[in-house]
Asker: 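This is the structure I have questions about; it appears just below.
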Amino acid sequence: TVRIATEADKEAIVAFARKFFFVDEPLTIAIRLMEGGGRCTELEDYCTESLDEANSLVALNDSGEVVGIILNATKRRKEGDAQPEELPPPEGLPNTKFRNIVRLLDEADAQADVFGRFPDVDAYVDIKILSVHPDYRGRGIAKQLIDQSREIARSQGVPMVRCVCTSYYTHKAVARLGFEHVHTMPYKSFVDEEGSPVFQTESPHDNVETYVARV
Ligand code: ACO
């Protein structure tokens with residue numbers, strides 16, 4: 001079953017994300033986000049801050065347990081500003097590893113420049129987090145969550161959905177669903193001051209791929 005996530009799901013969503021997304025998404029693996037234990041409260045907040053928009057979804061199994069999440073937020077074009085503010089300013093974040101993730105996503109956002117490319121589009125639903133329980137992968141749950149996010153965007157009058165795919169499998173899912181490819185940013189192009197790649201991702205996760213779909 002797939003349904004809209006509400007504030008009441010917050011705890012279950014954070015627990016699910018901490019158990020899976022924080023440890024098995026290509027960026028979080030590459031930077032060993034959770035090495036040493038503890039919590040990444042910045043990422044927890046990022047996961048749940050837009051639940052009130054009623055455009056995020058949870059997939060539940062027959063027992064009512066969460067087996068998939070897609071966490072979305074609507075981004076609107078700002079007057080006199082080609083780029084929306086995507087994420088909290090990197091310098092304000094205490095967790096260095098999460099700050100590097102924010103920097104990379106900011107860079108991919110600037111390079112893809114969706115509002116610049118699509119002057120007629122004033123808002124899009126951004127797929128921020130997508131995660132499926134390992135036991136339930138490869139069954140089309142991600143595709144279902146993405147497809148239903150597109151339906152919600154349509155019902156809320158938002159003309160576009162954007163997905164910044166940090167995983168090769170997300171890129172496969174959106175491509176299969178007919179999304180339009182707009183930009184590729186190789187992970188190895190994102191380097192530190194010494195010129196070394198910040199994220200040594202595992203194959204086949206070689207690029208950040210940005211896709212959009214008009215709804
Ligand atoms: N090996 C090969 N292909 C795969 C695999 C795999 N392990 N997993 C999925 N795929 C392919 C599928 O075949 C499908 O492609 P197709 O339609 O051409 O056959 C496509 O990827 C999507 O398959 P789904 O079954 O819809 O995806 P799934 O439900 O397994 O979830 C997801 C994919 C969310 C990426 C899952 O692997 C996951 O949770 N990974 C860890 C977290 C992560 O990386 N999240 C995405 C980051 S990007 C973002 O959040 C916006």
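Order of appearance sets the numbers: ligands from 1, and atoms from 1 within every ligand. If you're wondering where the values come from, they're calculated on a predicted model, not measured in any experiment. Heavy atoms only: backbone and side chains are in, while hydrogens, waters and symmetry mates are out.
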Asker: Might you list the protein residues in contact with ligand 1, defined as having a heavy atom under 4.0 Å from one of its atoms, sorted by chain and number?
Answerer: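 Around ligand 1, where the cutoff is 4.0 Å for heavy atoms, the contacting residues are Phe21, Asp24, Glu25, Pro26, Ile127, Lys128, Ile129, Leu130, Ser131, Val132, Arg137, Gly138, Arg139, Gly140, Ile141, Ala142, Lys143, Val164, Thr166, Ser167, Tyr169, Thr170, Lys172, Ala173, Arg176.
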
Asker: So, does Gln156 use its side chain to make a donor-acceptor pair with the main chain of Glu53 at under 3.5 Å?
Answerer: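 Checking the backbone N and O of Glu53 against the side chain of Gln156, a donor-acceptor pair under 3.5 Å is found.
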
Asker: What residues form a salt bridge (Lys or Arg N to Asp or Glu O under 4.0 Å) with Asp122, not counting sequence neighbours?
Answerer: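 Applying salt bridge (Lys or Arg N to Asp or Glu O under 4.0 Å) to Asp122 gives Arg77.
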
Asker: Suppose the criterion is salt bridge (Lys or Arg N to Asp or Glu O under 4.0 Å): which pairs have a residue in residues 172-194, not counting sequence neighbours?
Answerer: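 Qualifying pairs: none.
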
Asker: Verify the distance criterion only: is there a donor paired with an acceptor across the side chains of Tyr211 and His171 at less than 3.5 Å?
Answerer: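 A donor-acceptor contact under 3.5 Å links the two side chains.
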
Asker: Which label fits Tyr169 and His205: parallel for a plane angle under 30°, tilted from 30 to 60°, or perpendicular past 60°?
Answerer: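 Ring orientation of Tyr169 relative to His205: perpendicular.
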
Asker: Can you pull out every salt bridge (Lys or Arg N to Asp or Glu O under 4.0 Å) where at least one residue sits in residues 133-152? Sequence neighbours excluded, please.
Answerer: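 Counting only pairs at least two positions apart or across chains, the salt bridge (Lys or Arg N to Asp or Glu O under 4.0 Å) contacts touching residues 133-152 are Asp24-Arg137, Asp147-Arg150, Glu151-Arg154.
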
